[in-house]
Amino acid sequence: MFWFLLITMVVVVAAVTLAVVGGGDSEVLPDAAPEQLVDPLPLSRPVDRSDVEALRLPVAARGYRMEDVDDVLDRLAAELAERDARIAELEAALAGAPASRETAEGDER
């Protein structure tokens, strides 16, 4: 019984080793093509909430593809900076509007 178990164990170890290392004659498996960003952010209009919610970044072997993530973050940062500048511009114009009305009313009196 001991010899049977020993021979069985040697055969199993040899089969697993051959499967892991390979026979040498067979070709190496081709590299899988990396996933690409299927539906990027629209270039023709500003990004809105639904675009960000629908965005799905492709996964690579070690996480997300850095190039795709960097592109999305750069685009979002640029659009947020644009919106912040526009908001500041509108707030400045709004803050100046009541003051100019009061000045105009004071001149009329």
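Side chains are part of it too, since the values below use all heavy atoms of this structure and drop only hydrogens, waters and symmetry mates. The model shown is predicted, which means the values in this text are computed figures rather than measured ones.
Not a single donor-acceptor pair under 3.5 Å links the side chain of Arg86 to the backbone N or O of Ala81. Between the Glu79 side chain and the Pro46 main chain, no donor and acceptor come within less than 3.5 Å of each other. Listed for the Asp68 side chain is no donor-acceptor partner under 3.5 Å among the backbone atoms of Arg65.
For the atom pair CG of Asp51 and CD of Glu53, the computed distance is 9.5 Å after rounding to the nearest 0.5 Å. Going from atom CG of Asp84 over to atom CD of Glu91 covers 9.5 Å, rounded to the nearest 0.5 Å. Atom-to-atom distance recorded for Ile87:CD1 and Leu94:CG is 12.5 Å, nearest 0.5 angstrom.
Atom CZ of Arg45 has more than 12 heavy atoms from other residues, nucleotides or ligands within 6.0 Å.
Note: the hydrophobic cluster containing Val52 also contains Leu73 (ILVMFWY, side chain heavy atoms under 4.5 Å, direct or indirect links).
Of the residues Val72, Asp70, Val69, the one that meets the side-chain contact (heavy atoms from CB on, under 4.5 Å) test with Tyr64 is Val69.
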